Amino acid sequence: MKQIIVVRTDLKLGKGKLAAQVAHASIASFLKAGFFTKRKWLSKGMKKVVLKVSSEKELLELYEKAKKKRLPCALIRDAGLTQLKPGTVTALGIGPCEEEKIDEITGKLKLL
């Protein structure tokens, strides 16, 4: 069991903003998982991995693939109160779910 968070590097986010977007993606995706999946992931140590993409297009493609596979996932759009324009897509949370299912989609991405 694991969760993946994917962030855009082309936005050149500050460290604090990046951390907030990763946290938003993690929680939002977790909330979309089923009850037993949540319990299992929590009991296994809540494994998370943060990966990167270089564009909004790549992030949206991953989101569509995750939705098609019916994985819990959440696309994060910034409110635009600080560094970004309102509605800017910043991050994607996928999972928690079985590692093999997520790796089919994100297995070739690099660590942040």
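When reading the values below, keep in mind they use all heavy atoms of this one structure, side chains included, and skip hydrogens, waters and symmetry mates. The shown structure was predicted, so the numbers you read here are calculated from the model rather than taken from an experiment.
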- Query: Cluster question for you: counting only ILVMFWY and a side-chain heavy-atom cut-off of under 4.5 Å, with indirect links fine, are Phe35 and Leu31 together?
  - Reply: no
- Please name the pair of heavy atoms, one in Ile94 and one in Ala66, separated by the smallest distance, quoted to 0.1 Å. CD1-CB, 4.1 Å
- Query: Residues two or more places apart in sequence or in another chain: which of them pass salt bridge (charged side-chain N to carboxylate O under 4.0 Å, His left out) with Glu61?
  - Reply: Lys57
- Please report the closest heavy-atom contact between Cys73 and Ser29, naming both atoms and the distance. CA-OG, 3.7 Å
- Query: Can any side-chain N or O of Thr9 pair as donor or acceptor with the backbone N or O of Val53 at less than 3.5 Å?
  - Reply: yes
- Heavy atoms of Gly14 and Gln83 approach each other most closely as N-OE1, 3.3 Å
Could you list the donor-acceptor pairs under 3.5 angstrom formed between side-chain atoms of residues 39-51 and any protein atom two or more places apart in sequence or on another chain?
{"unit_1": "Trp41", "atom_1": "NE1", "unit_2": "Lys47", "atom_2": "O", "d": "3.1"}
{"unit_1": "Ser43", "atom_1": "OG", "unit_2": "Arg39", "atom_2": "O", "d": "3.4"}
{"unit_1": "Ser43", "atom_1": "OG", "unit_2": "Lys40", "atom_2": "O", "d": "2.8"}
{"unit_1": "Lys47", "atom_1": "NZ", "unit_2": "Glu99", "atom_2": "OE1", "d": "3.4"}
{"unit_1": "Lys47", "atom_1": "NZ", "unit_2": "Glu99", "atom_2": "OE2", "d": "3.3"}
{"unit_1": "Lys48", "atom_1": "NZ", "unit_2": "Met46", "atom_2": "O", "d": "2.9"}

- Message: For a side chain to side chain contact (heavy atoms under 4.5 Å, CB included) check, start with the C-alpha distance between Ile4 and Leu62, then their side-chain angles and the critical distance, and finish with the verdict.
- Response: CA-CA 11 Å; Ile4 294 291; Leu62 292 170; over 6 Å; no
- Note on the structure: Only one of Ile5, Leu11, Leu13, Thr88 passes side chain to side chain contact (heavy atoms under 4.5 Å, CB included) with Gln21, and that residue is Leu13
- Between Val7 and Ala91 the two heavy atoms that sit nearest each other are CG1-CB, 3.9 Å
- Taking every non-hydrogen atom, the tightest pair across Ile105 and Lys69: CD1-CG, 4.1 Å
- Query: Do Ile76 and Val89 belong to the same hydrophobic cluster, where Ile, Leu, Val, Met, Phe, Trp and Tyr are linked whenever their side-chain heavy atoms lie under 4.5 Å apart, directly or via other members?
  - Reply: no
- Report the residue from Glu58, Glu56, Lys52 that forms a side chain to side chain donor-acceptor pair (under 3.5 Å) with Ser54. Glu58
- Phe30 side chain near Pro72 side chain, heavy-atom distance below 4.5 Å: no
- Separation of Leu71 CG from Tyr63 OH (nearest 0.5 Å): 12.0 Å
- Message: Please report the interatomic distance NZ(Lys85) to CZ(Arg77), rounded to the nearest 0.5 Å.
- Response: 14.5 Å
- First locate atom CG of Leu18, then atom CG of Leu112, and finally report the distance between them rounded to the nearest 0.5 Å. 5.5 Å
- Query: Rounded to the nearest 0.5 Å, what separation is found between the NZ atom of Lys101 and the CZ atom of Arg70?
  - Reply: 11.0 Å
- Task: Can you see which heavy atom on Asp103 is nearest to which on Lys2, and at what distance?
- Result: OD1-NZ, 2.6 Å
- Message: As an exercise, state the distance from CG of Leu59 to OG1 of Thr90, rounded to the nearest 0.5 Å.
- Response: 8.0 Å
- Lys17, NZ atom: more than 12 neighbouring heavy atoms under 6.0 Å: yes
